[in-house]
Undergrad: 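Dropping a structure here in structure tokens format, bear with me for questions.
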Amino acid sequence: MKENSSFQKIYEVVRRIPAGTVATYGQIAALAGNRHWARVVGYALHANPDPEHIPCYRVVNRNGQVSSAFAFGGKNRQIELLEADGVPCPDGIVDLKKYQWKQFPLSYFQEQEV
DNA sequence: GGGGTGACGCGTC
DNA sequence: CGACGCGCCACCC
């Protein structure tokens, strides 16, 4: 079921991103187990089989800029959703130092009890 | 079965 | 300080 691929893990992390917060590909990749999976994270979100449960709009690149190839209906759509969550993103750029998701526990997967 | 690409990140020159 | 290359995994052809 989940051993299918690392994708499952990536989706799991993205789904746990709290509202009003954004995360970077590298961060998700690190939480997933390997920071080198950044590329896989991008692909995982690209596949985004469950956009309603996987807020990929809360996922931005290392620069805090939203992806240019958003698949929800336009990059503008991502900005709308982010602002709706309380994350201002002028020009599609988010203040990572203010809204980056960094309140997660170190033992993220250790405390996991879903 | 093999090769190439991709919504990235980091290191080094 | 800026720009370039390399590395990782998965999916598509």
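Chain identifiers are assigned alphabetically (A, B, ...) following the order of the sequence lines, protein sequences preceding nucleic acid strands; residue numbering begins at 1 within each chain. Remember, predicted model here, so these are calculated numbers, not experimental data. All values below come from the heavy atoms of this structure, side chains included, with hydrogens, waters and symmetry mates left out.
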Undergrad: For C/dA10, give the paired nucleotide (Watson-Crick: N1-N3 plus N6-O4 or O6-N4; G-U: N1-O2 and O6-N3; both under 3.5 Å), or none.
TA: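 By the stated definition (distances under 3.5 Å), B/dT5 pairs with C/dA10.
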Undergrad: Of the options B/dC10, B/dA7, C/dC11, whose atoms approach the side-chain atoms of A/Arg35 most closely?
TA: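 Given the options B/dC10, B/dA7, C/dC11, the side chain of A/Arg35 is closest to B/dC10.
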Undergrad: Can you name the nearest heavy-atom pair linking A/Pro49 to A/Ala44, along with the distance?
TA: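 Nearest pair, atom of A/Pro49 first, then A/Ala44: CD-O, 4.5 Å.
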Undergrad: To the nearest Å, how far apart are A/Tyr11 OH and C/dC9 C1'?
TA: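 Rounded to the whole Å, the gap is 13 Å.
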Undergrad: For A/Gln27 and B/dC10, give me the distance from atom CD to atom C1', rounded to whole Å.
TA: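 Distance check: A/Gln27 CD to B/dC10 C1' gives 15 Å.
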Undergrad: Quick one: which of C/dC12, B/dA7, C/dC9 gets closest to the side chain of A/Tyr43?
TA: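 The answer is C/dC12, which lies nearest to the side chain.
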Undergrad: If you compare every side-chain N and O of A/Arg39 against the phosphate oxygens of B/dG9 (OP1, OP2), does one of them come in below 4.0 Å?
TA: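 It does not, given that no N or O in the side chain of A/Arg39 lies less than 4.0 Å from OP1 or OP2 of B/dG9.
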Undergrad: Compare the minimum distances between each of B/dA7, B/dG9, C/dC11 and the side chain of A/His46, then state the nucleotide with the smallest one.
TA: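 Among B/dA7, B/dG9, C/dC11, the one nearest the side chain of A/His46 is B/dA7.
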Undergrad: What is the minimum heavy-atom distance between A/Gln100 and A/Thr24, and which atoms define it?
TA: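 The pair with the smallest heavy-atom distance is NE2-CG2, 3.2 Å.
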Undergrad: What interatomic distance, in whole Å, is found between P of B/dG4 and the corresponding atom of C/dC6?
TA: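 Rounded to whole Å, the distance is 15 Å.
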Undergrad: Measure the distance from NZ on A/Lys9 to C1' on C/dC8 and round it to the nearest whole Å.
TA: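 My rounded result for the distance is 15 Å.
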Undergrad: Check every atom of B/dC10, C/dC9, B/dC8 against the side chain of A/Tyr25 and return the nucleotide holding the closest atom.
TA: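 Closest of the options to the side chain of A/Tyr25: B/dC8.
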Undergrad: If only side-chain N and O atoms of A/Ser6 are considered, is one of them under 4.0 Å from the OP1 or OP2 phosphate oxygen of C/dA10?
TA: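 Answer yes for this pair, as a side-chain N or O of A/Ser6 is under 4.0 Å from OP1 or OP2.
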Undergrad: Can you name the nearest heavy-atom pair linking A/Arg15 to A/Pro55, along with the distance?
TA: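 Scanning both residues completely, I find the closest heavy atoms to be CA-CD, 4.2 Å.
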Undergrad: Between the side chains of A/Ser67 and A/Tyr57, is a donor N or O closer than 3.5 angstrom to an acceptor N or O?
TA: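 Their side chains do not contain a donor-acceptor pair, so the 3.5 Å distance test is not met.
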Undergrad: Starting from C1' on B/dC8, measure out to CD1 on A/Ile10 and report it in whole angstrom.
TA: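 Those two atoms, CD1 and C1', are 12 Å apart.
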Undergrad: Among C/dC8, C/dC9, B/dC10, which nucleotide sits nearest the side chain of A/His36?
TA: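 Closest nucleotide among those given: C/dC8.
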Undergrad: Which residue, A/Val40 or A/Val60, contacts DNA chain B at a nucleotide closer to its 5' end, judged by nearest heavy atom?
TA: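 On the 5' side of the pair lies A/Val40.
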Undergrad: With the side chain of A/Asn48 defined as its heavy atoms from C-beta on, choose the nearest nucleotide among B/dC8, C/dC11, B/dA7.
TA: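 Given the options B/dC8, C/dC11, B/dA7, the side chain of A/Asn48 is closest to B/dA7.
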Undergrad: Determine the contact category for A/Asn34: base if any of its heavy atoms lies under 4.0 Å from a base atom, sugar-phosphate if only primed atoms, P, OP1 or OP2 are that close, otherwise nothing.
TA: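 Counting heavy atoms under 4.0 Å across all strands, no contact is made by A/Asn34.
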Undergrad: Grab the CD1-C1' distance between A/Ile28 and B/dA7 for me, whole Å please.
TA: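 Rounding to the nearest Å, CD1 of A/Ile28 and C1' of B/dA7 are 11 Å apart.
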Undergrad: Just the rounded figure in Å: distance from P of B/dC8 to CD of A/Gln65.
TA: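 My rounded result for the distance is 11 Å.
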Undergrad: Give me the atom names and distance for the closest heavy-atom approach of A/Lys102 to A/Gln27.
TA: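 Nearest pair, atom of A/Lys102 first, then A/Gln27: CA-NE2, 4.4 Å.
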Undergrad: Rounded to whole angstroms, how far apart are CG on A/Leu82 and P on B/dA7?
TA: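 One finds 19 Å between P of B/dA7 and CG of A/Leu82, rounded.
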Undergrad: Return the value, rounded to whole Å, for the distance between atom CH2 of A/Trp37 and atom P of C/dC11.
TA: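 Rounded to the whole Å, the gap is 12 Å.
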